Amino acid sequence: MTEDTTLIREVAVSYRGARRRVASPLRAPADAAAFVRSTVADDAREHFLAIYLDGRHRPIGYQVVSVGTATASLIHPREIFQPAIGIGAVAMIVAHNHPSQDPSPSAEDRTVTTRLAKAGQLLGIRLLDHLVVTTDRFVSLCEESPDLFDPSTAS
């Protein structure tokens with residue numbers, strides 16, 4: 001007589017900074033840019049991160065979603081929204097650095113923003129902004145192109 005053995009793999013998921021709380025809300029893009037700069041130490045490669053917020057826009061966690069090359073970072077909405085759901089975020093800000101020190105958003109940055117705004121609308125987790133950050137400057141896509149954050153106007 002043989003027994004069938006079923007292997008069960010346990011997976012521990014830990015989100016960097018998931019327990020980090022900041023007393024004050026992120027009220028302006030400059031506040032979020034400062035948070036990103038304090039988090040991303042290696043600016044030779046693109047880092048894409050998500051800052052998860054509570055109802056008062058206070059950070060309740062963040063995750064470095066992707067570390068890419070000097071010119072690109074691959075991301076997918078599921079990697080961004082899964083932790084947001086897990087920690088009960090109601091809003092989020094995404095950001096990435098440009099190692100070139102030119103904070104101008106690319107066409108891909110705009111496409112990703114629209115895609116994340118649409119996914120956030122479906123999930124009830126509002127995308128407040130997408131920042132492109134360098135060591136001394138940043139661009140807020142919400143300020144530059146607010147239409148990207150309104151899924152009803154996106155094609």
Side-chain angles (χ1 to χ4, degrees), residues 11-43 45-68 72-99 101-155:
V11 178
V13 178
S14 98
Y15 302 109
R16 291 180 68 188
R19 291 192 174 104
R20 180 177 176 175
R21 287 213 181 249
V22 176
S24 60
L26 299 179
R27 297 195 187 278
D31 298 337
F35 185 95
V36 171
R37 287 188 189 107
S38 72
T39 304
V40 176
D42 171 19
D43 63 356
R45 297 183 294 166
E46 275 198 17
H47 289 67
F48 193 99
L49 67 131
I51 305 167
Y52 305 111
L53 308 171
D54 67 11
R56 294 185 179 174
H57 296 169
R58 293 177 302 200
I60 56 174
Y62 73 94
Q63 178 181 26
V64 176
V65 178
S66 174
V67 178
S73 182
L74 299 175
I75 61 112
H76 192 279
R78 74 176 154 261
E79 282 95 25
I80 294 171
F81 284 99
Q82 183 179 23
I85 293 166
I87 64 173
V90 299
M92 69 178 178
I93 296 169
V94 296
H96 70 283
N97 64 316
H98 274 184
Q101 299 304 311
D102 177 4
S104 303
S106 67
E108 292 83 11
D109 294 339
R110 294 175 195 288
T111 301
V112 164
T113 302
T114 300
R115 191 170 180 199
L116 292 175
K118 286 180 180 179
Q121 183 182 38
L122 289 172
L123 294 169
I125 301 171
R126 187 168 170 225
L127 178 63
L128 298 177
D129 208 342
H130 181 172
L131 302 174
V132 182
V133 180
T134 68
T135 54
D136 60 348
R137 296 179 293 162
F138 71 90
V139 170
S140 161
L141 276 94
C142 183
E143 289 180 345
E144 185 181 85
S145 305
D147 58 306
L148 297 175
F149 295 82
D150 182 3
S152 67
T153 63
S155 55

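What you see is a predicted model; the values in this text were computed from it and never measured.
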Item to check | Beyond-backbone contact of L26 with H57, side-chain heavy atoms, under 4.5 angstrom | outcome: no
Next on the checklist: Taking the side chain as everything from C-beta on, heavy atoms only, tell me whether L123 gets closer than 4.5 Å to I85.
Outcome noted: yes
Next on the checklist: Could you tell me if the side chain of M92 sits less than 4.5 Å from the side chain of L127, heavy atoms only?
Outcome noted: yes
Item to check | Exercise: identify the closest heavy-atom pair between I80 and P83 | outcome: O-CD, 3.5 Å
Checklist entry - Do you know which two heavy atoms are closest between P99 and N97, and how far apart they sit? => result CD-O, 3.6 Å
Checklist entry - Say you draw a straight line from OG1 of T113 to CG of D147; how long is it, rounded to the nearest 0.5 Å? => result 10.5 Å
Checklist outcome for this item: In short, I60 meets I87 closest at the heavy-atom pair CD1-O, 3.6 Å
Next on the checklist: Run the side chain to side chain contact (heavy atoms under 4.5 Å, CB included) test on H76 and Q82 for me, step by step, so that the C-alpha distance in whole Å, both residues' side-chain angles and the decisive distance to 0.1 Å come before the verdict.
Outcome noted: CA-CA 11 Å; H76 192 279; Q82 183 179 23; over 6 Å; no
Checklist entry - Got a second to check how far F149's CZ is from Q121's CD, nearest 0.5 Å? => result 13.5 Å
Item to check | Minimum side-chain heavy-atom gap E144-R110 below 4.5 Å | outcome: yes
Checklist entry - Within a strict 4.5 Å, meaning less than it, do heavy atoms of the V133 and H98 side chains meet? => result no
Checklist entry - Sub-3.5 Å donor-acceptor pair from the side chain of R126 to the main-chain atoms of A117, do we have one? => result no
Item to check | Partner of L49 under side-chain contact (heavy atoms from CB on, under 4.5 Å), chosen from V65, V67, V40, L131 | outcome: V40
Checklist entry - What's the shortest heavy-atom distance between T134 and Q101, and which atoms? => result CB-OE1, 3.3 Å
Item to check | Any L116 side-chain heavy atom under 4.5 Å of F81 side chain | outcome: yes
Next on the checklist: Tell me if a side-chain donor or acceptor on D31 pairs with a main-chain N or O of A28 at a distance below 3.5 Å.
Outcome noted: yes
Checklist entry - Taking H96 for the side chain and V94 for the main chain, is one N or O donor matched with an acceptor at less than 3.5 Å? => result no
Checklist outcome for this item: Closest heavy-atom pair, E79 versus Y52, reported as atoms and distance to 0.1 Å, is O-OH, 4.3 Å
Item to check | Main-chain N/O of C142 paired to D129 side chain as donor or acceptor, under 3.5 Å | outcome: yes
Checklist entry - Any side-chain heavy atom of V36 sitting closer than 4.5 Å to one from I51? => result yes
Item to check | Worked check of ring-ring contact (aromatic ring centres under 6.0 Å, His included) between F48 and H130 | outcome: CA-CA 10 Å; F48 193 99; H130 181 172; 5.6 Å; yes
Checklist entry - Does atom CZ of R56 have more than 12 heavy-atom neighbours from other groups under 6.0 Å away? => result no
Checklist entry - Can you check whether L148's main-chain N or O pairs, donor with acceptor, with S145's side chain at less than 3.5 Å? => result no
